[in-house]
Amino acid sequence: MSRAAVAVLGAGVLLVGCASSNDDSGTDTPTASGDVVTGMVNEQPDPGSAVAGGTMTYGVQVLVPSLDPTKTAARGGSGGEAFAAVYDVLMSYDTASGEFEPKLAESLATADDGATWTLKLRDGVKFSDGTTLDANAVIASIDRYNAGKGNGAELWLASVESAQASDPTTVVFKLKTPWMRFPSMLALGHGMIVAPSSQQGDKFTAVGAGPFTEDLYTPSVERVFKANPSYYGGNPKLDKLRMVALNGPQANLESLNSGQLDVAYIRGLTSAINSAKSAGYPGYIDVLNAGSAEIVNNREGRPGSDVRVRQAIGYALDTTLIDQRVENGEGLPGSELFGPTSQWHVDTPGIAYDPEKAKELLNQAKADGYDGTLDYTVLSEPKDHAIGLAVQSLLQAVGFDVNLILANNAGDIVQNVYVKHDFDLAHAGIGMYESILDLGLFSTTNSTSMANTAGYANPAMDQLIADLQQAKDNSSTLAVIGKIQTLWNETVPSAPIGGLTSFWAWQKNVHGVVPTATGIMLFDQAWLGAK
């Protein structure tokens, strides 16, 4: 699979360069937007002392074929937990405070407003092969990750001037320009430190300093990890952590109900999420902004290369109507990049539904020779198919001739949309994760990014993304996001149609599961109580 391709997440598909949003909402105090409550829900009473032993089974959406972090973006439910189990993370995202905190690292600090960052490592941390995780190992792992074009490598190389070991436990990062959100880069692939012994020629073996080591892998079925007794945080309470791939959110809910799962990732299906929440399952709910979107191919030779066509698509989509047809009005419709549940939500609205404006723009394009045809790729899955039919009808109502192309499986969408770019319009997701704001917008929108699936290129947007990176505080960040939303409305790189809610639900005897960046669940302190 191309590194500019996708991670498949249940009912839909998201870019591996997925941007930032509320898959990490910045608060564990539940916050509501309409009927959606984000953060920890159905919280358990004090469970008492932790109990050692047992196997915890987690139902994910995707089992990554490789534990090499350069191969797949680390995201919750689609590989991130597996990577974190083996490698841990230098920095973790505290969903209660919205801040990044040291985890595998001892500290990360800047003394010059973000131009230089000093990373201190814990003393005595060992990889599972017995070698020391020191500053040189961190630098070697990051260099390997960038050379392998891991998710975020482009932004790192564009932003970081150098990384040097000032002593065995200290790495100094010098940046090209100040960047106060730089710690976010050490919470995902760059912060998952791969041991030097992992790569032997073409052979890769997953060796890290995390709480678990790989024990068994059966492709498309399960991946089993066993406790790492040399883990710096102490011997994990669990004997084993088992991840299984099931067929979507409803299947995960049913397996949770039957007791086959201890933890279930229920993504994007409002009815299943509401059922799990009403049943009293504890867990973590969050919203992926722009997690549901119509990706427009902006490349030359495609209808979307004409900004009037892109604008017509944007104005033609009634996100509220789509939500009513697909989610019975229970979803989070909206054309903005960051929805109401996000700390990055701004007053600037997304592009408004205006069918007359859509007709006017489309007629202008037709007058210049465009025939009005769009080849629209949608996954042949009930929810996505329903979205596809609703979008098709709205576009045809303003004068488009839409050929609905149903992909048999997510692999077909990966190849045709994300690898070959053989589409005019495709239903997938842009995906704005709260914790990795800069990475997300750069990956999906910057003109030089390999993960820019739409092929959108605009120097003004590139400059705004650079301005965002250099913003010193939340107030200035929000001001830049408002400008980005305004330019997005004017140029319509693609068309968001709503946020995507996910629920990481677990049994009442499950304790110590901690969410971090992009909805990755950390299991180093997890344990199973009596049922």
Side-chain angles (χ1 to χ4, degrees), residues 1-7 15-18 64-75 78-80 82-84 86-91 104-105 108 117 119 121 127-129 131-166 168 170-177 179 182-210 214 418-419 436 438-440 442-444 446-453 469 517-518:
M1 182 185 298
S2 164
R3 293 184 181 91
V6 297
L15 307 175
V16 291
C18 282
V64 291
S66 171
L67 289 178
D68 183 347
T70 70
K71 303 298 184 184
T72 305
R75 301 291 185 266
S78 62
F83 295 144
V86 172
Y87 306 109
D88 211 333
V89 285
L90 289 173
M91 303 293 293
L104 182 56
L108 178 67
W117 291 85
L119 177 79
L121 296 170
F127 290 111
S128 60
D129 65 359
T131 60
T132 300
L133 192 159
D134 59 13
N136 286 329
V138 169
I139 293 170
S141 179
I142 289 173
D143 287 346
R144 176 186 180 276
Y145 188 82
N146 288 331
K149 299 180 181 178
N151 177 241
E154 290 172 297
L155 180 57
W156 182 283
L157 293 171
S159 306
V160 180
E161 186 71 42
S162 65
Q164 296 182 335
S166 61
T170 306
V171 181
V172 178
F173 300 100
K174 292 187 177 180
L175 277 55
K176 297 177 182 178
T177 57
W179 184 11
F182 171 72
S184 67
M185 296 296 284
L186 299 179
L188 297 175
H190 285 94
M192 295 171 169
I193 305 305
V194 175
S197 64
S198 290
Q199 196 74 53
Q200 300 292 332
D202 293 334
K203 183 181 178 181
F204 179 83
T205 304
V207 180
E214 186 175 23
Y418 294 92
V419 178
I436 54 170
D438 306 283
L439 174 57
F442 181 94
S443 296
T444 60
N446 185 275
S447 60
T448 65
S449 171
M450 292 289 291
N452 181 346
T453 304
Q469 187 178 2
T518 74

Student: Quick one: are S78 and T72 in side-chain contact, heavy atoms under 4.5 Å?
Tutor: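 No; the side chains remain at least 4.5 Å from each other.
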Student: Assess whether atom NZ of K176 is packed by more than 12 heavy atoms of other residues, nucleotides or ligands within 6.0 Å.
Tutor: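 Count over threshold, so yes.
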Student: Which pair of heavy atoms, one from L67 and one from Y87, lies closest together, and at what distance?
Tutor: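 Scanning both residues, the minimum pair turns out to be O-OH, 2.8 Å.
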Student: Would you mind reporting whether L119 and L90 have side-chain heavy atoms less than 4.5 Å apart?
Tutor: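 Yes, side chains in contact.
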Student: Which atoms form the tightest heavy-atom contact between A135 and V171, and what is the distance?
Tutor: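 Looking at all heavy atoms of both residues, the closest pair is CB-CG2, 3.6 Å.
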Student: Drop me the distance from S159's OG to W179's CH2, to the nearest 0.5 angstrom.
Tutor: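 So the gap between those two atoms works out to 4.5 Å.
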Student: Looking only at atom types and distance, does a side-chain atom of Q200 sit under 3.5 Å from a main-chain N or O of D202, one as donor and one as acceptor?
Tutor: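 Such a contact is absent between Q200 side chain and D202 backbone.
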Student: Measuring only between side-chain heavy atoms, which start at C-beta, is M450 closer than 4.5 Å to K149?
Tutor: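 Answer no - side chains too far apart.
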Student: Of all heavy-atom pairs between L188 and A74, which one has the smallest distance, and what is that distance?
Tutor: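 Reported closest heavy-atom pair: CD2-O, 3.6 Å.
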Student: Can you check whether A209's main-chain N or O pairs, donor with acceptor, with D88's side chain at less than 3.5 Å?
Tutor: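 No, because the side chain of D88 does not come within donor-acceptor range (under 3.5 Å) of the backbone of A209.
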Student: From L155 CG over to S184 OG, what is the distance, rounded to the nearest 0.5 angstrom?
Tutor: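 So the gap between those two atoms works out to 8.0 Å.
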Student: In Å, rounded to the nearest 0.5 Å, how long is the span from OG of S198 to NZ of K203?
Tutor: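 Nearest 0.5 Å value for the OG-NZ distance: 11.5 Å.
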Student: Please lay out, stage by stage, how T70 and R144 fare under the test side chain to side chain contact (heavy atoms under 4.5 Å, CB included).
Tutor: CA-CA 8 Å; T70 70; R144 176 186 180 276; 3.6 Å; yes
Student: Taking V86's backbone N and O only, do any of them form a donor-acceptor pair with E214's side chain (distance below 3.5 Å, no angle check)?
Tutor: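 No.
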Student: CD1/I193 to CZ/F127 distance, rounded to the nearest 0.5 angstrom?
Tutor: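 Between atom CD1 of I193 and atom CZ of F127 there are 7.0 Å.
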Student: Show the nearest heavy-atom pair for residues S128 and V207, with the distance to one decimal.
Tutor: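 Residues S128 and V207, closest heavy atoms: OG-CG1, 3.5 Å.
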Student: For the residue pair F182 and W117, categorise the inter-ring angle as parallel (less than 30°), tilted (30 to 60°) or perpendicular (more than 60°).
Tutor: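 Answer is tilted, since the angle falls between 30° and 60°.
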Student: Can you confirm whether L133 sits close enough to V138 that some side-chain heavy atom of one is under 4.5 Å from a side-chain heavy atom of the other?
Tutor: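 Answer yes - side chains close enough.
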Student: Working to the nearest 0.5 Å, report the span between OG1 of T448 and CG of L157.
Tutor: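 Reported value, rounded in 0.5 Å steps: 10.5 Å.
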Student: Within this structure, what is the OH-CG distance for the pair Y145 and D68, rounded to the nearest 0.5 Å?
Tutor: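 Those atoms lie 9.5 Å apart.
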Student: Do N151 and R75 have side-chain heavy atoms sitting under 4.5 Å apart?
Tutor: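 Counting from C-beta outward, N151 and R75 do come under 4.5 Å.
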Student: Is any side-chain heavy atom of V89 closer than 4.5 Å to a side-chain heavy atom of M192?
Tutor: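 SC-SC contact between V89 and M192 confirmed.
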